[in-house]
Amino acid sequence: NPNIIGNLKNYINSHQKVFEINETMIIDTKSEIDKFIEDIIPLLHTYADIYLSQSIKNFNKTRKINYSVGVKVTSNFLELDFSSTDLDKGEIIDILNQYRAKKKYYRLKKGEIILMDQEQLEFLDDFIKDFNIILNDPEVKVVVETMGGLHPAYEFVSACLKAGKSVVTSNKELVAAKGCELLGYAAEHNVNFLFEASVGGGIPIIRPISQCLAANEINEFAGILNGTTNFILTRMINDGMAFEDALKLAQDNGYAERDPSADILGFDACRKVCILASLCFGKHVYPDQVHTEGITEITLEDVEYAKDWGGVIKLLGRARKSEDGKHIYAIVSPAFVDHHSQLASVDDVFNAILVRGDAIGDVVFYGRGAGKLPTASAVVGDVIDCARHENKQKFFGWADSEEGYVSDYLDMPTALYVRARAQQKQQVISSAEKTFGEIKLLKHTGAPEDEFAFVTPVASERELRTKLETLLGAEIISTIRVTDY
């Protein structure tokens with residue numbers, strides 16, 4: 001209707017910056033009104049449908065409700081047109097109140113739509129789309145990067161450091177791959193590159209290692225570094241839930257992505273191990289130097305055998321110095337953890353990192369390893385640190401790696417949990433005792449007659465696996481490393 005559009009144009013033109021529509025949307029006056037009518041209305045319809053469907057689901061999770069939603073233009077505002085054959089008037093009002101309570105706002109500009117929370121509205125004029133505005137602004141002293149991924153984060157961060165701006169990041173992939181290089185740029189230009197939030201979310205760990213534990217020679221660390229996998233394992237341990245069901249529950253609760261590969265295959269924990277190992281031992285450790293395994297092969301049978309052993313299974317990221325102190329071992333893998341260990345009681349999405357120093361012994365850092373507020377806590381802490389050290393670089397960093405610095409994980413001492421089956425079970429068990437020496441046999445109620453499990457003595461993993469290959473008549477089902485934390 002030309003009259004409606006005309007009235008809408010007049011209404012927009014009478015406001016210098018923004019105007020509110022139905023108290024739920026804000027439209028930038030720079031948007032072309034014709035483009036707004038033509039392109040944005042369908043987008044708003046889509047967003048309305050998404051949020052209403054969520055409100056309906058919250059209203060009644062067990063009831064399938066048919067409804068329709070439309071967005072239409074009236075003389076002064078956009079109107080939400082919601083109808084349903086399955087709801088009475090009171091129920092519709094309840095749902096719409098839930099929808100309005102979300103207080104979602106939209107900024108519309110040049111055919112784009114940006115979703116914002118209400119508290120962000122006062123910063124509308126500060127949002128930009130051109131990185132060079134930040135880079136070339138001499139008043140900007142500290143830049144925060146929370147984009148994630150390696151590119152273009154690396155290009156943006158390196159450019160800021162070279163321009164004399166300190167950078168704070170939560171980007172573990174960036175620090176794991178490029179940390180040494182970026183710390184070098186920071187030193188060269190007398191600025192700081194800080195990344196407390198890259199490991200453990202809101203758990204203080206980077207600063208305590210570099211400052212509070214500076215008097216210690218750190219020999220080893222081990223951590224539950226990924227909340228998604230810890231939640232899954234907790235459900236398997238406490239509720240007897242199969243891996244696939246626990247993963248689905250994690251996704252339903254928002255703890256796991258639709259594609260959970262980075263978590264369940266150990267890649268996320270691997271990047272955090274790289275950062276911690278670089279910091280603890282003084283030389284950069286790259287992701288391809290860390291042997292990485294996930295939890296996809298862990299079964300409820302393994303969980304039960306771990307209970308009989310006296311512990312639980314956790315996905316641990318670990319690194320330790322070699323006996324001569326010239327090399328390190330680094331690995332991410334499932335591991336048996338004794339019930340008495342502080343790491344054993346870390347459940348659900350919580351993280352914990354055990355650091356072993358020559359003076360302090362074992363210390364454990366525990367807390368929420370993810371989430372917007374814990375992560376923001378660490379980021380803002382780094383921003384404050386940068387502000388306190390303007391024009392003064394903190395003594396912080398490490399050297400680049402050397403060839404052979406990270407030793408083969410197979411040479412690291414460990415004990416192994418072994419689950420196997422054999423037709424001549426007792427004969428194979430006797431053979432295992434002769435091959436490995438003293439082994440600890442484990443039991444599991446309901447295990448098949450031909451199945452058995454044991455824990456080996458400590459030796460290099462290479463030696464243990466070589467001996468396993470000589471165990472004739474046994475079909476190895478699974479092996480898991482056993483720790484002493």
Side-chain angles (χ1 to χ4, degrees), residues 148-150 153-154 157-158 169-187 193-200 203 205-210 213-214 216-226 262-263 265-294 315-333 335 351 353-358 365 369 395-414 460-461 481 483 485:
L150 195 53
Y154 165 71
V157 169
S158 57
T169 183
S170 60
N171 189 339
K172 53 190 169 286
E173 184 175 358
L174 174 68
V175 182
K178 300 290 186 179
C180 182
E181 180 183 342
L182 295 172
L183 285 164
Y185 293 148
F193 176 55
L194 303 182
F195 39 86
E196 183 67 63
S198 66
V199 179
I203 304 172
I205 185 65
I206 303 296
R207 195 172 284 104
I209 288 175
S210 62
L213 300 180
N216 286 257
E217 180 178 347
I218 296 175
N219 299 310
E220 186 173 3
F221 71 82
I224 297 169
L225 302 172
N226 181 268
D263 295 320
L265 297 179
F267 302 141
D268 175 78
C270 169
R271 293 161 185 156
K272 297 171 184 176
V273 165
C274 292
I275 298 168
L276 290 175
S278 301
L279 185 63
C280 287
F281 307 127
K283 293 181 182 178
H284 195 93
V285 175
Y286 292 93
D288 61 1
Q289 295 175 300
V290 180
H291 177 74
T292 302
E293 300 173 14
L315 182 70
L316 293 186
R318 301 182 281 154
R320 62 182 294 183
K321 285 185 176 180
S322 60
E323 290 184 4
D324 61 11
K326 296 179 180 179
H327 308 277
I328 69 164
Y329 304 105
I331 187 171
V332 173
S333 73
N351 285 191
I353 303 155
L354 181 150
V355 180
R356 188 166 283 175
D358 62 341
F365 301 85
F395 185 73
F396 178 71
W398 53 76
D400 204 355
S401 188
E402 298 175 355
E403 186 176 352
Y405 170 62
V406 181
S407 295
D408 192 326
Y409 74 98
L410 289 172
D411 295 324
M412 183 168 64
T414 188
S460 75
E461 186 167 337
R481 296 165 187 87
T483 67
Y485 302 117

* Check whether any side-chain heavy atom of M412 sits under 4.5 Å from a side-chain heavy atom of E461, and report yes or no. => no
* **Y405/V285 under side chain to side chain contact (heavy atoms under 4.5 Å, CB included): CA gap, chis, key distance, verdict** => CA-CA 9 Å; Y405 170 62; V285 175; 4.1 Å; yes
* Least distance between heavy atoms, C280 atom then F221 atom -> SG-CD2, 3.9 Å
* Find the distance between CG (N351) and CD1 (I203) and round it off to the nearest 0.5 Å. => 4.5 Å
* To do: To the nearest 0.5 Å, tell me how far L315 CG sits from I224 CD1.
  => 9.0 Å
* Can you label the angle between the W398 ring and the H284 ring as parallel, tilted or perpendicular, going by 30° and 60°? => tilted
* To do: Begin from the C-alpha positions of T169 and F193 and carry the test side chain to side chain contact (heavy atoms under 4.5 Å, CB included) through to its verdict.
  => CA-CA 8 Å; T169 183; F193 176 55; 3.7 Å; yes
* Structure fact -> Residue pairs meeting salt bridge (Lys or Arg N to Asp or Glu O under 4.0 Å), one or both in residues 316-325, sequence neighbours left out, come to E217-K321
* Do the ring planes of Y409 and H291 sit parallel (below 30°), tilted (30 to 60°) or perpendicular (above 60°)? -> parallel
* **Closest non-hydrogen atom pair between L354 and Y485, with its separation** => CD2-CD2, 4.2 Å
* With side chains defined as the heavy atoms from C-beta onward, is the minimum distance between L316 and S333 less than 4.5 Å? -> no
* Tell me, with the steps shown, if F396 and F195 meet ring-ring contact (aromatic ring centres under 6.0 Å, His included). => CA-CA 11 Å; F396 178 71; F195 39 86; 5.4 Å; yes
* How many angstroms lie between CG in D263 and CG in L225, if you round to the nearest 0.5 Å? -> 12.0 Å
* Please name the pair of heavy atoms, one in G149 and one in A153, separated by the smallest distance, quoted to 0.1 Å. => O-CB, 3.5 Å
* For C270, all residues meeting side chain to side chain contact (heavy atoms under 4.5 Å, CB included), sequence neighbours excluded -> C274, P287, V290, T292, V332
* Out of V175, I205, V199, I353, which residue meets the side-chain contact (heavy atoms from CB on, under 4.5 Å) rule with K272? -> V199
* Between CD of Q289 and OG of S407, what distance do you get to the nearest 0.5 Å? -> 10.5 Å
* **Residue list, ring-ring contact (aromatic ring centres under 6.0 Å, His included) with Y154, at least two apart or on another chain** => none
* To do: Scan side-chain atoms only and decide if E220 and Y329 contain a donor-acceptor pair under the 3.5 Å cut-off.
  => no
* **Test item: N171 side-chain N/O and L174 main-chain N/O as donor-acceptor pair under 3.5 Å** => yes
* For K178 and L150, what are the C-alpha separation, side-chain angles and deciding distance, and is it a side chain to side chain contact (heavy atoms under 4.5 Å, CB included)? -> CA-CA 9 Å; K178 300 290 186 179; L150 195 53; 3.9 Å; yes
* To do: Applying side-chain hydrogen bond (donor to acceptor under 3.5 Å, both in side chains), run through D400 and Y286 and close with a yes or a no.
  => CA-CA 10 Å; D400 204 355; Y286 292 93; 2.7 Å; yes
* To do: Kindly give the heavy-atom pair with the smallest separation between A335 and T483, and that separation in Å.
  => CB-CG2, 3.6 Å
* When rounded to the nearest 0.5 angstrom, what distance separates NZ in K172 from CG in L276? -> 12.5 Å
* NZ/NE/NH1/NH2 to OD/OE distance under 4.0 Å, E293 and R481 -> yes
* Approximate separation, where rounding is to 0.5 Å, of R356 CZ and N216 CG -> 13.0 Å
* To do: Starting from the C-alpha separation in whole Å, work towards a yes-or-no answer on side chain to side chain contact (heavy atoms under 4.5 Å, CB included) for I328 and S322.
  => CA-CA 5 Å; I328 69 164; S322 60; over 6 Å; no
